[in-house]
Amino acid sequence: YSIAIPPPNVTGVLHMGHALNGSIQDALIRLNRMRGRNTLWALGTDHAGIATQSVVEKELRADGISRHEIGREEFVKRVWEWREQYGSRIVEQLKRLGASCDYERERFTLDERYVKAVLKVFVALHEKGFIYRDNYMVNWDPGSGSAISDLEVENREVTDTIYSIDYPLEGSDEVITVATVRPETMLADTAVAVNPNDERYAGLVGRTAILPIVGRRLPIITDEYVDPEFGTGALKITPGHDVNDFEIGRRHGLEEISAIAEDGTMSAAAGEGYEGLTVLEARERVVAALRETGGIRAEEPYAHSVPYSHRSGERVEPLISLQWFCRMDELAKPAIDVVERGEVRFFPERWARVYLDWMNELRPWCVSRQLWWGHRLPVYYCDACEETVVAEEAPERCPGCEGELRQDEDVLDTWFSSALWPFAVLGWPDETPELAAFYPTDSLVTARDIIFLWVARMVMMGLEFRGEIPFSDVYITSVIQAPDGRRMSKSLGTGIDPLDEIDASGADAVRFGLYTMSSTQDVRYSPAKVQQGRDLANKMWNASRLILLNSGDAVAAPAPGRVEDRWIRSRLERTVASVTEKLDAYDFAHAALELYDFFWSELCDWYLEIVKPRLYDGDAETAGNLLHVLERVLALAHPMLPFVTEAIWAELPGDGERLPLVVSAFPEPDEQAMDAAAEAELGRQIDLTRAIRRWRDLAGVAAGDVLAARVTDGDRPHELVERLARLDLHADASGEVLAAVGPVEILASGGVDAERAREGVEARRAELRAEVARAEGKLGNERFVAKAPADVVEEEREKLARYRAELEELA
RNA sequence: GGGCGUUUAGCUCAGUUGGGAGAGCGCCAGCUCGACAAGCUGGAGGUCACUGGUUCGAGCCCAGUAACGCCCACCA
């Protein structure tokens, strides 16, 4: 059984997402390890190209140094130093959570062997023709000075001014009006397009417009892309700076002018008076120039979505750039199949649809980044003969002309290396024993925001390079929001540090809280659930102390005799079965809550209270039964609450051969111990106890008072009722009967206010009458009796009989 | 523009195949009962967003409406 951890960034610090994710993976790993499976939780960190480079760059800048001053080699050296110093922070933090990763085998995506894997994949995909170099429109992030992929772009709603601009027609006084929110891009316009079916412009097609300011002649062309309903129905075409215009330009063979340079300023192609200006300055100047000539017909505010870099937060500049791309269509096909066939399953299921919808629309992936920190492309150019060599090992000389070779400056997108994680973390491309034993992995536990960035690409690469799926289950965790429902974020000040929570309440408490919060939807962080976990851990400790301090020399052994002993074991085994089932189904919330209910209510509130007197008397059978239950419930709880269970486990009696709980056996539900009769019998005693307690409260009987009572018929209540409901069944049985609760008649005695008792009884009678009326109404409905299933009707009749009986008894 | 999710007790959330609405916290009342006040006992509190439909019966199924949230998308 294996899990490859989603490798945290080396720059990362543990946040609530990691804590949830780690708690879940750890429960799965511990569960399967205890089941005796050969288990690996592979650990490692991600070099995180842009993030890490920015952190180190920022540090340098604080010292007044730019990375360009010290050069690439020195800069990369500094990043490695940074990584040596801080890179293991998050790993240490995972330990505090109790994550039982394989810390001995920690990997890093820039390890020597990992680099080998990345280069091998790049070269192989290049040989297949999937990876190629092209001059193409990319998302340029001026913040990081690099191209980024479509997935690293986020669209934000922005209100800009939309300008309607008149382009004069050549040889006429007429104009054609186009609209734009980016007037500065007109400097690179090379056409005007209209819809082929737009009759308004039919006469203009084939004529020429004159680009204001610049004076360039623009052909008026037709393209289906243009929406005649939108604006004037005429569209200025800027193939160099707009994705759609680029496509249209390629369709029509238009000139591609790059008026904006990669540094975010206007290039020489923008023309005199514009070169060197920032985009915004250029915009102002273009608008001013147009105003002067009356070229602006209208300007109005316009809300639209604009691409921003997910990394740097700067506005993305679409521009044409020479980059390396990876064609995805053929890689996607098998990756679609395995999800459609259910070989890779998503939990919750609906994410499979999201995955498939995206996979069916895959466009080429821009994999090159203009950074220094990362896997440098294994691509070598010969300036002498223009040969390009793609090879894992750098060749000495150009194979064509023996000339000098120059390695490509770019590095790969970080997600390119992460895509190999499930097999590269196990040592691929070497055929290691780990790879043989643990690939494919079992569960991938991750957040939904990287389904495309990471999950999909791992499936594609796993199938391409191992011929096998990388994992069979993908569990998508909830997103944990701040308690007020906002995003948890550092900048908003809404973040909650899991380490602070661990300090305050303990790792088990935080884990329990996170399990109960986990859901199929987003949830708000609930400090109360963490407290519930802290209380449970505390309860486990105290209950264990009670048992261990009073068990003498007893050894764990199920006691056969008493109904309550059989009852608790039956409840235990059902809990074992149910909690296990929930864990296997990734239903951690119910697993945790069912454990809580069993331990708190059934074991502590009822069973311990029932057996206390015998335990104090040194009854070995009772102590043995308790130890038996305790051992099993500790083992059951261990995957979720490792610390407190292990600590108690160490205190259990034994001959010193007891293994640590972490490597002890996980309990299998024992069908033999499930005892419906015992459960029914004790259920009756508990109901009766609670009914009498309720009566006492209604009647205002002081908590400490023992009530005189007697039993009316042969159905004698168990002695536990007498004690837990504080009755004296051996008192003088001749007093006035104040009330009958089931088979128990409560007699008048000094401490009871008879009048108030009557009120209490009357309140209960009113409840019962309402229930009787409800049941009678239902059974009086002929159609219900005729159409409802027989067992439902029968059940209703039994209820009615029961309520009538109690109503009569309650004199 | 398309898709997905959510709407249940004051708060945060559960509610399996339709068959008398649940938990934790909070609230009220009462408890030094030899593990635990981070505890024990009892209790109050809900036209399950809205409208219509199917059904003997709907929190659950169907259709629609509203609000909130998320994802995807090239409309100047």
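In what follows, every heavy atom counts, from backbone to side chain, and hydrogens, waters and symmetry copies are set aside. In this text, all values refer to a predicted model and were calculated from it rather than measured experimentally. Order of the sequence lines fixes the chain letters, A, B, ..., with proteins taken first and strands second; residue numbering starts at 1 for each chain.
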> At their closest point, which heavy atom of A/P318 faces which heavy atom of A/R182, and how far apart are they?
Replying inline: CD-NH1, 4.1 Å

> A/Y525 near the nucleic acid: base, sugar-phosphate alone, or nothing, with a heavy-atom cut-off under 4.0 Å?
Replying inline: nothing

>> With a 4.0 Å limit, can you tell me whether A/S519 has a side-chain N or O closer than that to the phosphate oxygens OP1/OP2 of B/A14?
In response: yes

> Salt bridge check: are A/R804 and A/E776 linked by an N-O gap of less than 4.0 Å?
Replying inline: yes

> Are A/D223 and A/R251 within salt-bridge range, i.e. N to O under 4.0 Å?
Replying inline: yes

>> Measuring from the side chain of A/A788 (C-beta onward, heavy atoms only), which nucleotide among B/C13, B/C56, B/G30 has the closest atom?
In response: B/C56

> Do you know the tightest heavy-atom contact between A/I610 and A/P613?
Replying inline: O-CD, 3.6 Å

> Please give, in whole Å, the distance from B/C33 P to A/L608 CG?
Replying inline: 18 Å

> If you measure from the C1' atom in B/A76 to the same atom in B/G69, how many Å do you get, rounded?
Replying inline: 30 Å

> Given atom CG of A/D705 and atom C1' of B/G30, what is their separation to the nearest angstrom?
Replying inline: 12 Å

> With centres under 5.5 Å and planes under 30° as the test, does A/Y616 stack with B/G34?
Replying inline: yes

>> Is A/K778 close enough to B/C56 that one of its side-chain N or O atoms is under 4.0 Å from OP1 or OP2 there?
In response: no

>> Looking at A/E794 and A/K799, is any side-chain nitrogen of the basic one under 4.0 Å from a carboxylate oxygen of the acidic one?
In response: no

> Does the pair A/D357/A/R353 count as a salt bridge with the N-to-O cut at 4.0 Å?
Replying inline: yes

> A/L546 CG to B/G34 P: how many Å, rounded?
Replying inline: 12 Å

>> Could you tell me how far B/C13 sits from B/G53 if I compare only their P atoms? Round to whole Å.
In response: 33 Å

> Can you tell me how far P of B/C13 sits from CG of A/D484, to the nearest Å?
Replying inline: 11 Å

> What is the per-nucleotide protein-contact pattern of nucleotides 71-76 of chain B, from the 5' end, where B denotes a base atom under 4.0 Å from a protein heavy atom, S denotes such proximity for sugar-phosphate atoms only, and - denotes neither?
Replying inline: -S-BBB

>> If you only use heavy atoms from C-beta on, which nucleotide in B/C56, B/G19, B/C33 is closest to the side chain of A/V792?
In response: B/G19

> Can a salt bridge be assigned to the pair A/R315 and A/D160 using a cut-off of 4.0 Å between side-chain N and carboxylate O?
Replying inline: yes

>> Can you tell me the base-pairing partner of B/G1? Count Watson-Crick or G-U wobble geometry only, both distances below 3.5 Å, and say none if there is no partner.
In response: B/C72

> Does B/G45 have a Watson-Crick or wobble mate here (both distances under 3.5 Å), and if so which one?
Replying inline: none

> Which whole number of Å gives the distance between the C1' atom of B/C11 and that of B/G26?
Replying inline: 7 Å

>> Nearest whole Å is fine: how far is B/C4 P from A/F346 CZ?
In response: 17 Å

>> Taking the P atom in each of B/G3 and B/A63, what is the distance between them to the nearest angstrom?
In response: 14 Å

> Looking at the side chain of A/R350, which of B/A35, B/G15, B/G5 is the nearest nucleotide?
Replying inline: B/G5

> Within this structure, what is the NZ-to-P distance between A/K582 and B/G15, rounded to whole angstrom?
Replying inline: 11 Å

> Taking atom P in both B/G2 and B/G15, what distance in whole Å separates the two?
Replying inline: 31 Å

> Would you say the base of B/C36 and the side-chain of A/R545 have a donor-acceptor pair closer than 3.5 Å?
Replying inline: no

> What is the base-pairing partner of B/U7, counting Watson-Crick and G-U wobble geometry with both distances under 3.5 Å?
Replying inline: B/A66

>> Checking A/R774 against A/E796 for the salt bridge (Lys or Arg N to Asp or Glu O under 4.0 Å) test, could you report, in this order, the C-alpha distance in whole Å, the side-chain angles of both residues, the deciding distance, and whether it holds?
In response: CA-CA 10 Å; A/R774 190 197 56 76; A/E796 204 56 41; 3.0 Å; yes

>> Which nucleotide, if any, forms a Watson-Crick or G-U wobble pair with B/U55, using both distances under 3.5 Å?
In response: none

>> Taking the P atom in each of B/C56 and B/G46, what is the distance between them to the nearest angstrom?
In response: 31 Å

> Looking only at heavy atoms, what is the nearest atom pair of A/L698 and A/R756, with distance?
Replying inline: O-NE, 3.6 Å

> Now, which nucleotide makes the Watson-Crick or G-U wobble pair with B/C60, with each of the two distances under 3.5 Å?
Replying inline: none

> Just checking A/P789: base, sugar-phosphate only, or nothing, at a heavy-atom cut-off of under 4.0 Å?
Replying inline: base

>> Whole angstroms only, please: what is the CD-C1' distance between A/E796 and B/G57?
In response: 11 Å

> Under a 3.5 Å cut-off for both distances, is B/C13 Watson-Crick or wobble paired, and to whom?
Replying inline: B/G22

>> Under the criterion side-chain contact (heavy atoms from CB on, under 4.5 Å), I'd like the reasoning laid out for A/Y167 against A/D189: C-alpha separation, chi angles, the key distance, then a yes or no.
In response: CA-CA 11 Å; A/Y167 285 12; A/D189 280 4; 2.6 Å; yes

> Okay, side chain of A/D242, backbone of A/D245: is any donor-acceptor separation there less than 3.5 Å?
Replying inline: yes

> Please give, in whole Å, the distance from B/U7 P to A/Q521 CD?
Replying inline: 6 Å

>> Can you tell me how the ring of A/F346 sits relative to the ring of A/Y355, calling it parallel under 30°, perpendicular over 60° and tilted otherwise?
In response: tilted

>> For nucleotides 37-48 of chain B, give me one character per nucleotide, 5' to 3': B if any protein heavy atom sits under 4.0 Å from the base, S if the only such contacts are to the sugar-phosphate, - if neither.
In response: -BSSSSS-----

> For atom C1', what is the distance between B/A9 and B/A23, given to the nearest Å?
Replying inline: 11 Å

> What integer number of Å spans the P atoms of B/C68 and B/C25?
Replying inline: 33 Å

